[in-house]
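Predicted model, so just to flag it, every value in this text is computed and none were measured. Reminder, nothing fancy here: chain letters follow the sequence lines and each chain counts from 1.
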There are 2 protein chains.
Amino acid sequence: MPNDDRRPRRATIHDVVSESGVSRGTVSRVLNDERYVSAEARIAVEAAVAKVGYVRNTAARNLKSQRSRAIGLVVHEPHSVFLEDPNIGAILLGTNTVLSEADYQLVSLVVDSDRDSARVAEYLSGGFVDGVVIISARAADPIARAVAKLGIPAAFVGHPPEISGIPWVGIDNRAAARAITARLIATGRRRVGMIVSALDRDSGRDRLAGFRDALGDAFDPGLVVDYPLYAYRSGSDGMAELLRRSPDIDGVFAASDAIAAGAMDWLRGTNKAVPLDIGVVGFDDSAWALRCQPLLSTVRQPADELGRRAAESVLSQIQGAVPGEGGIMLDTAIVWRDSA
Amino acid sequence: MPNDDRRPRRATIHDVVSESGVSRGTVSRVLNDERYVSAEARIAVEAAVAKVGYVRNTAARNLKSQRSRAIGLVVHEPHSVFLEDPNIGAILLGTNTVLSEADYQLVSLVVDSDRDSARVAEYLSGGFVDGVVIISARAADPIARAVAKLGIPAAFVGHPPEISGIPWVGIDNRAAARAITARLIATGRRRVGMIVSALDRDSGRDRLAGFRDALGDAFDPGLVVDYPLYAYRSGSDGMAELLRRSPDIDGVFAASDAIAAGAMDWLRGTNKAVPLDIGVVGFDDSAWALRCQPLLSTVRQPADELGRRAAESVLSQIQGAVPGEGGIMLDTAIVWRDSA
DNA sequence: TTGTACGCGTTATCAC
DNA sequence: GTGATAACGCGTACAA
């Protein structure tokens with residue numbers, strides 16, 4: 001094969017061998033700081049390494065050792081959510097914290113199209129990672145399928161439906177939704193609606209279920225509007241729709257803080273005051289919550305901890321542990337502020 | 001070497017060979033969809049692949065082909081900024097868009113500690129990527145050094161000082177800062193201060209320089225306060241300090257929207273009204289800007305485009321192009337809203 | 001059309 | 001202590 005680019009070929013052990021005059025075995029021993037190598041040999045090798053600019057090719061080493069000491073993090077969110085949702089960043093940093101401590105390299109892979117999805121699946125099965133953490137997988141996800149087929153250590157953040165054999169760590173969305181809706185009712189709201197989102201995932205479905213639990217007989221399907229994305233825009237559109245359907249609405253549970261922010265901004269253009277005429281609550285305790293006027297009451301999600309636990313699960317599987325069926329649910333907390 | 005974990009060994013071409021009865025060469029040809037393979041052989045191989053569950057080991061293939069079709073994205077930001085700055089996400093998606101189209105896999109590497117820094121440098125020089133995009137590199141960055149030493153195709157987003165030979169794409173921070181400060185002055189502000197940040201990087205230094213340019217003789221060093229991070233907290237602390245130093249201040253240029261938001265929230269607790277008593281402007285046109293009350297006037301940064309251009313530069317270098325000295329500056333725009 | 005043999009850059013296992 | 005030599009899993013020139 002012709003060397004079609006003009007870039008200089010990187011030095012290999014072989015170059016160090018011919019430069020230093022010692023054998024490949026000895027060079028390798030020096031490089032890996034092993035015993036049984038003479039001082040002269042060591043010096044000769046080190047000089048040669050410096051001279052030819054040798055840098056170890058870890059990829060080749062991994063081929064031999066059959067492990068990469070790298071773990072993938074797949075982020076599968078639509079464009080707008082990816083940009084707005086601070087939980088993703090926190091999960092990423094939590095995951096990285098644990099892996100970094102164990103001296104594993106975290107490599108993040110973002111899925112932003114079907115093409116990405118296929119390529120990432122290919123990447124994960126290519127032997128580049130020893131394990132994988134997957135955020136917000138979809139039901140018929142080629143990535144989840146690839147991971148399940150290969151049987152590489154994996155953990156989901158969030159609980160994707162209809163995929164078994166892979167452990168997950170998430171929050172109890174239903175209980176949290178029930179709790180915050182209950183307090184909305186306890187403060188005297190009678191006509192309580194919800195802006196739901198992401199019904200194709202457990203988070204969306206369970207938040208709706210919890211809302212329904214809390215309302216019991218008072219649940220009115222007409223006061224539920226559905227928008228696919230956990231986004232600001234869903235909030236403004238959703239609030240407008242709710243007011244159109246039922247002008248006497250006096251409470252709203254938004255499925256995320258971004259949605260709540262959109263809803264509150266929309267309300268500002270109406271004659272309804274928050275929290276006097278209508279109470280609004282959100283979900284996530286993200287940066288959005290603190291930027292609302294008045295400050296948003298919401299559910300705190302331990303995003304950082306989600307990442308940590310998922311990473312720990314993957315690491316333990318790499319060490320041979322067999323994950324139990326089902327998943328781990330982390331506690332959430334209600335942060336009661338001024339919006340309801 | 002004992003197979004110390006109980007995980008089933010993944011199938012290799014060799015398994016397919018013994019299952020199908022044809023030779024390794026033929027198996028390889030079927031796998032790569034080449035010509036000169038009989039129908040029977042193809043069928044036999046495909047059946048065997050399905051039966052043993054063979055999946056190609058791309059890592060091994062790369063060792064042979066000497067290319068990975070993967071490109072690294074190094075994000076080097078402190079914790080809080082990583083979580084708050086939406087530009088990072090936009091740059092990431094922009095980069096991914098271009099690479100995805102060229103069928104390259106983007107792998108993101110976050111640097112959150114010195115340990116990460118060393119490991120990422122090691123990773124980049126390990127032969128896992130054909131090129132790298134680096135966001136907000138530091139001057140004495142081991143990562144930038146490693147990349148420069150190896151000579152792998154690279155591009156910076158933002159202009160790190162004292163590193164040459166690697167092209168960069170950024171914005172003209174100085175001109176943008178000059179322009180927005182000029183408009184602050186044009187609206188009648190007389191005592192204008194600045195909350196600067198990140199002076200260890202070009203963005204921070206150049207924004208300060210532009211501010212100084214615009215003020216000319218009116219520049220007062222006493223009205224400049226410095227906080228290391230582009231963060232909300234820097235804004236509240238900085239605003240408090242400015243008011244302490246000079247209660248008659250009537251204009252503030254915050255080095256980022258997050259800082260501006262912190263400053264405006266602090267002002268809400270004082271007797272100074274925005275924009276009546278004091279004008280505030282920011283930088284980035286991030287989500288922060290829209291959450292300010294009143295809406296923040298700021299500088300729009302084409303983050304998505306920064307990522308695209310950096311990716312394009314790396315791709316062209318992979319194809320043999322030699323990058324010119326210096327970098328590319330993208331245009332910014334002032335978004336004039338209500339805060340000044 | 002198919003099979004064989006070699007090399008990609010490392011590390012590990014042997015004799016010496 | 002050191003130096004051959006055999007893997008790791010794959011692609012491919014070359015011979016058949």
Side-chain angles (χ1 to χ4, degrees), chain A residues 1-4 8-45 48-49 52-69 122 125-130 150, chain B residues 1-4 8-45 48-49 52-69 122-123 125-128 130 150:
Chain A
M1 179 195 316
N3 188 7
D4 52 3
R9 189 184 58 81
R10 57 184 284 168
T12 75
I13 282 193
H14 186 74
D15 300 317
V16 178
V17 167
S18 30
E19 181 66 32
S20 67
V22 302
S23 78
R24 187 157 63 196
T26 302
V27 171
S28 179
R29 275 185 287 267
V30 172
L31 260 29
N32 295 324
D33 208 34
E34 287 175 20
R35 291 173 315 178
Y36 305 132
V37 23
S38 67
E40 312 124 58
R42 188 177 299 277
I43 290 173
V45 169
V49 164
V52 303
Y54 169 79
V55 177
R56 164 188 289 135
N57 183 326
T58 318
R61 181 223 277 260
N62 289 349
L63 179 60
K64 178 68 181 164
S65 65
Q66 298 289 69
R67 65 176 95 263
S68 65
R69 292 204 80 81
E122 161 89 14
S125 40
F128 298 103
V129 296
D130 294 340
L150 258 70
Chain B
M1 178 197 319
N3 187 8
D4 53 2
R9 190 183 58 82
R10 57 185 284 172
T12 76
I13 282 194
H14 187 73
D15 299 316
V16 177
V17 166
S18 29
E19 181 65 32
S20 66
V22 303
S23 78
R24 183 150 73 210
T26 302
V27 171
S28 179
R29 275 185 286 266
V30 172
L31 260 28
N32 295 324
D33 209 34
E34 287 175 17
R35 292 172 315 177
Y36 305 131
V37 15
S38 66
E40 314 125 59
R42 188 177 299 276
I43 290 173
V45 169
V49 163
V52 303
Y54 170 79
V55 177
R56 163 188 287 132
N57 184 325
T58 318
R61 180 227 273 264
N62 289 349
L63 180 58
K64 176 69 183 170
S65 64
Q66 297 290 67
R67 55 173 45 82
S68 65
R69 292 203 79 80
E122 161 88 14
Y123 186 88
S125 42
F128 299 103
D130 294 341
L150 259 71

Please name the pair of heavy atoms, one in [X] and one in [Y], separated by the smallest distance, quoted to 0.1 Å.
{"X": "A/Ala48", "Y": "A/Glu19", "value": "CB-CG, 3.5 Å"}
{"X": "B/Ala59", "Y": "A/Gly127", "value": "CB-O, 4.2 Å"}
{"X": "B/Thr58", "Y": "A/Glu122", "value": "OG1-OE2, 3.5 Å"}

How close or far is atom [atom2] of [N] from atom [atom1] of [X], stated in whole angstroms?
{"X": "A/Phe128", "N": "D/dG9", "atom1": "CZ", "atom2": "P", "answer": "15 Å"}
{"X": "A/Glu34", "N": "D/dT2", "atom1": "CD", "atom2": "C1'", "answer": "13 Å"}
{"X": "B/Lys64", "N": "D/dC10", "atom1": "NZ", "atom2": "P", "answer": "13 Å"}
{"X": "A/His14", "N": "C/dT10", "atom1": "NE2", "atom2": "P", "answer": "12 Å"}
{"X": "B/Arg35", "N": "D/dA13", "atom1": "CZ", "atom2": "P", "answer": "12 Å"}
{"X": "A/Asn62", "N": "C/dC8", "atom1": "CG", "atom2": "P", "answer": "19 Å"}
{"X": "A/Arg61", "N": "D/dG9", "atom1": "CZ", "atom2": "P", "answer": "17 Å"}
{"X": "A/Leu63", "N": "D/dG11", "atom1": "CG", "atom2": "P", "answer": "12 Å"}

Quiz item: In degrees rounded to 10°, what angle is found between the helical axes fit to the five outermost pairs at each end of the helix from C/dT1-D/dA16 to C/dC16-D/dG1?
Solution: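 For the helix from C/dT1-D/dA16 to C/dC16-D/dG1, the axes at either end differ by 50°.
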Quiz item: Given D/dT2, C/dT10, D/dG11, which nucleotide is nearest the side-chain atoms of A/Val37?
Solution: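 Nearest nucleotide to the side chain: D/dT2.
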Self-check item: Candidates D/dT2, C/dT10, C/dT1 - which lies nearest the side chain of B/Tyr36
Solution: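 Output: C/dT1.
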Self-check item: Centroid-centroid distance, A/Phe128 to B/Phe128, less than 6.0 Å
Solution: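 So the answer is no for these two rings.
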Quiz prompt | Counterpart residues, side chain to side chain donor-acceptor pair (under 3.5 Å), relative to A/Asn57 (two or more places apart) | solution =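 Side chain to side chain donor-acceptor pair (under 3.5 Å) check on A/Asn57 returns nothing, list empty.
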N or O in side chain of [X] less than 4.0 angstrom from [N] OP1/OP2:
{"X": "A/Gln66", "N": "D/dG9", "answer": "yes"}
{"X": "A/Ser38", "N": "D/dT2", "answer": "yes"}
{"X": "B/Arg56", "N": "D/dG11", "answer": "yes"}

Quiz item: Among residues 15-33 of chain A, which residues get a heavy atom nearer than 4.0 Å to DNA chain C?
Solution: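 When residues 15-33 of chain A is checked for heavy atoms under 4.0 Å from DNA chain C, the hits, listed by number, are A/Arg24, A/Ser28, A/Asn32.
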Quiz item: Is the side chain of B/Arg69 donor-acceptor paired with the backbone N or O of B/Asp130 at a distance under 3.5 Å, no angle test?
Solution: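 Not at all, since once roles are kept as given, no pair shorter than 3.5 Å links the two residues.
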Quiz item: What is the nucleic acid contact for B/Ala41, judged by heavy atoms within less than 4.0 Å: base, sugar-phosphate only, or nothing?
Solution: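 Here B/Ala41 touches the backbone only, sparing every base.
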Self-check item: Side chains of B/Asn62 and B/Arg67 in contact at under 4.5 Å (non-hydrogen atoms)
Solution: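 They are not in contact (no side-chain heavy atoms under 4.5 Å apart), so the answer is no.
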Quiz item: OG of A/Ser20 to CD of A/Glu40: how many Å apart, nearest 0.5 Å?
Solution: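 Reported value, rounded in 0.5 Å steps: 13.0 Å.
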Quiz item: Should A/Arg9 and A/Asp15 count as an ion pair when the cut-off is N to O under 4.0 Å?
Solution: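 A/Asp15 and A/Arg9: salt-bridged.
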